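Worksheet for the structure shown next.
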Number of protein chains: 2
Amino acid sequence: MASNDTGVRTTTLSDVARLAGVSLATASKAMNGRTDVAPATRRRVLEAAEDLAFTPNAMARGLLAGRTGTVGLLTSDLDGRFMLPILMGAEDAFGAGQVNVFLCDARGDAIREQHHLRALLSRRVDGIIVVGRQTDPRPSLGQDIPVPVVYAYAPSDDDRDLSLTPDNRAGGRLAVEHLLACGRTRIAHISGDPTYAAARERLDGARSALADAGLEFVGEPLSGDWSEHWGRDAAATLLGRHPEIDAVFAASDQIARGVIDTARDLGRSVPDDLAVIGYDNWELLATNSRPELTSIDANLQQLGRRAAQRVFEAIDGAEMGEGVRHLPVRLVIRGSTVPRR
Amino acid sequence: MASNDTGVRTTTLSDVARLAGVSLATASKAMNGRTDVAPATRRRVLEAAEDLAFTPNAMARGLLAGRTGTVGLLTSDLDGRFMLPILMGAEDAFGAGQVNVFLCDARGDAIREQHHLRALLSRRVDGIIVVGRQTDPRPSLGQDIPVPVVYAYAPSDDDRDLSLTPDNRAGGRLAVEHLLACGRTRIAHISGDPTYAAARERLDGARSALADAGLEFVGEPLSGDWSEHWGRDAAATLLGRHPEIDAVFAASDQIARGVIDTARDLGRSVPDDLAVIGYDNWELLATNSRPELTSIDANLQQLGRRAAQRVFEAIDGAEMGEGVRHLPVRLVIRGSTVPRR
DNA sequence: CTGTTAGCGCGTTCAG
DNA sequence: CTGAACGCGCTAACAG
């Protein structure tokens, strides 16, 4: 059942017209809610359409209209923690209307990406959102793409493109300002993989917030990877070397959980003895740790939605703008920095 | 730049034909690698196409062919832990060929799902994969869909549909058999949310494996939710009540991590004193715990790939089959059940 | 080997 | 208010 080529041609508008006893053109008008059709005629047509389970052929329509009502989502690797919310935000913004989303996963491979790009253009998508897995700049798709393109999360390396990316500097700053506001002054930083722009930017922002308060990090910030293991090891080193530390800014929630673990092992209570703040607000990690983890949220879903809106507007003829826009992040306070009853 | 309606009509095949100095039909044949074209002519056409950056219009093509080379992926909620691998598997299987994927997220809302379904049919997708977020049966889309439909993860409640879902019973059995093989005999179970079929099925499988060995669970299996918090609380209760327990089968990796945490707090060493096995093989959790977590992997990516292949075959005219297929799961052994050096 | 012709399903003029 | 005719971009028959 439900096989494609059982010869049961899908019903077309002319089938509907015939059943309703009108011409093809009249049926079209009736279906599309045009005014110049007699109410009775319209009713007959709509009934016929209902009876035949008529579904308009979007392709035939697109052929005429020059628009398909589809958008391409080109991701570099679905398996990221950051793809999903962005994807959801975009799907959300589009899904509400009449737009459908083509999902293409390039698996981090430039060849595949090129392949997918051609496929998308061949399907005449009205616009494209390119989602990268890091905030490091990525190669531009080029300027000769016949539809609007927006880069999300990973900015394009070409300033003529429009890119939307979270403001990691503001995030780093926000984290440190929160620790300062909690009365902490002997703050250390455990960073992630230093080859990531995100790691460097968060550190940057944090440093400038400290400087504004006339302070510096206790000890040199430690770089490693983004894992819980690293968080545990780094925290052990750091707390051994500088027991006076009263707060740690971890560059990711995973690292932060490792820090909390080690703190418990060393008999230091969080947050009284040691405040810990993470980054990403990954709920799974943040809400399951003891105590729950204060973190910086990059508003990725909103970022996805914004990207979609930009594409929308550009499709409607608006100029799309260019350059890298750094979108605001927000602080989510939980028990790892502020004691809870 | 890159605006849609700057009047710069995308180049069509007849543009190519004109530049190459041949007829439309000849250009078409040349582009599609048909044999009955002179090599020199073909070269001219291909060059012209290259020069004009010609991209064939897949819609116009589809209109003729009756096939679009697109497939719909209808998910009930993207935000699940299980969606992503399935989605990746499917995208993988399709992406290799000429097929593109429409992603639709119904956000758990039946109305939205209906809406998306209509959109997909309107776009004349060649097939549909329905991905649910739990292994509990979900409402069928019905039998009168003009294209092949496969249900992945969440099976359809109509036996005439084809559903692919992981074999939770086999998983539960596998978990317990592994614990038995490790020499454990005083095994307890901490389950998740009992309203989930997955929770009940895993318990079922585990029980029958125990029965085969002439054993029973120590204490009544405890039900709660799927969280780390619950795992911690349940483990405390269980170990307090039955200190003789030498192994715990946790119904999810999150629960298992909670169990390991509590074990540490109570001074019981894992795995020597207490073996712990989880479920789902969520790498993030499994590889970051101390010790790393043995778990059951449901092979979701492969499940997604299989679903895609089924749809493929059905598009090519094969009968699609029906009923619920339970796909095999596998055991991933790590340090929480087997001591590591 | 190449060109001409006829649609695929639909929306949109423009006469009736 | 309704219908006939044209064309969106392309491929599949047929002629030449």
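Below, each value reflects all heavy atoms present in this structure, side chains not excepted, and no hydrogens, waters or symmetry copies. Chain identifiers are assigned alphabetically (A, B, ...) following the order of the sequence lines, protein sequences preceding nucleic acid strands; residue numbering begins at 1 within each chain. Only a predicted model underlies this, so the values are computations on that prediction, with no experimental measurement involved.
Whole-Å rounding puts the B/Arg18 CZ to D/dG9 P distance at 11 Å. Look at CG on A/Leu13: it is 13 Å from C1' on C/dT12, rounded to the nearest Å. A/Asn57 has its CG atom 10 Å from the P atom of C/dG11, to the nearest Å. When the C1' atom of C/dC10 is taken as reference, atom CZ of B/Arg124 falls 11 Å away, rounded to whole Å.
For A/Ser23, a side-chain nitrogen or oxygen approaches OP1 or OP2 of D/dG3 to under 4.0 Å. At D/dT2, one or more side-chain N or O atoms of A/Thr41 fall inside 4.0 Å of OP1 or OP2 (strictly under the cut-off). Checking the phosphate oxygens (OP1, OP2) of D/dC10, no side-chain nitrogen or oxygen of B/Arg61 falls inside 4.0 Å.
The CG atom of A/Asn100 sits 6.0 Å away from atom NE2 of B/His116, with the distance rounded to the nearest 0.5 Å. Here the straight-line distance linking atom CZ of A/Arg124 with atom CE of A/Met59 works out to 14.0 Å at 0.5 Å rounding.
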For nucleotides 12-16 of chain D, list the nitrogen or oxygen atoms of the protein found under 3.5 Å from its nitrogen or oxygen atoms, one pair per line.
| from | atom 1 | to | atom 2 | distance (Å) |
| --- | --- | --- | --- | --- |
| D/dA12 | OP2 | B/Arg34 | NH1 | 3.2 |

Could you pull out all donor-acceptor pairs under 3.5 Å where a side-chain atom in residues 24-32 of chain A meets a protein atom, sequence neighbours excluded?
| from | atom 1 | to | atom 2 | distance (Å) |
| --- | --- | --- | --- | --- |
| A/Thr26 | OG1 | A/Ser23 | OG | 3.2 |
| A/Asn32 | OD1 | A/Arg61 | NH2 | 3.3 |
| A/Asn32 | ND2 | A/Ser28 | O | 3.3 |

Please tabulate, for the side chains in residues 78-99 of chain A, all donor-acceptor contacts under 3.5 angstrom to protein atoms that are two or more places apart in sequence or on a different chain.
| from | atom 1 | to | atom 2 | distance (Å) |
| --- | --- | --- | --- | --- |
| A/Arg81 | NH2 | A/Asp280 | O | 3.0 |
| A/Glu91 | OE2 | B/Asp105 | N | 3.0 |
| A/Asp92 | OD1 | B/Arg107 | NH2 | 3.2 |

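Here A/Arg310 pairs with nothing under the side-chain hydrogen bond (donor to acceptor under 3.5 Å, both in side chains) rule; sequence neighbours left out.
For A/Asp161 against A/Ser156, the heavy-atom pair with the smallest separation is OD2-OG, 2.6 Å. Taking all atoms of both residues into account, the shortest heavy-atom contact from A/Gly127 to A/Ile315 is N-CD1, 4.3 Å. The two residues B/Asp126 and B/Arg67 make their nearest non-hydrogen contact at OD1-CA, 3.7 Å.
Checked by atom type and distance alone, the side chain of A/Asp136 pairs as donor or acceptor with a backbone atom of A/Ala197 at under 3.5 Å.
Each of B/Leu63 and B/Thr26 lies near DNA chain C, and the nucleotide nearest B/Thr26 is the one positioned closer to the 5' end.
Two residues are said to be in side-chain contact when any heavy atoms from C-beta on lie closer than 4.5 Å; B/Asp15 and B/Phe54 fail this criterion.
If you check the side chains of B/Ser140 and B/Asp158, you find no donor sitting under 3.5 Å from an acceptor.
Shown for residues 44-56 of chain B: no residue has heavy atoms falling under 4.0 angstrom of DNA chain C. Heavy-atom distances under 4.0 Å link DNA chain D to no residue of residues 116-123 of chain B.
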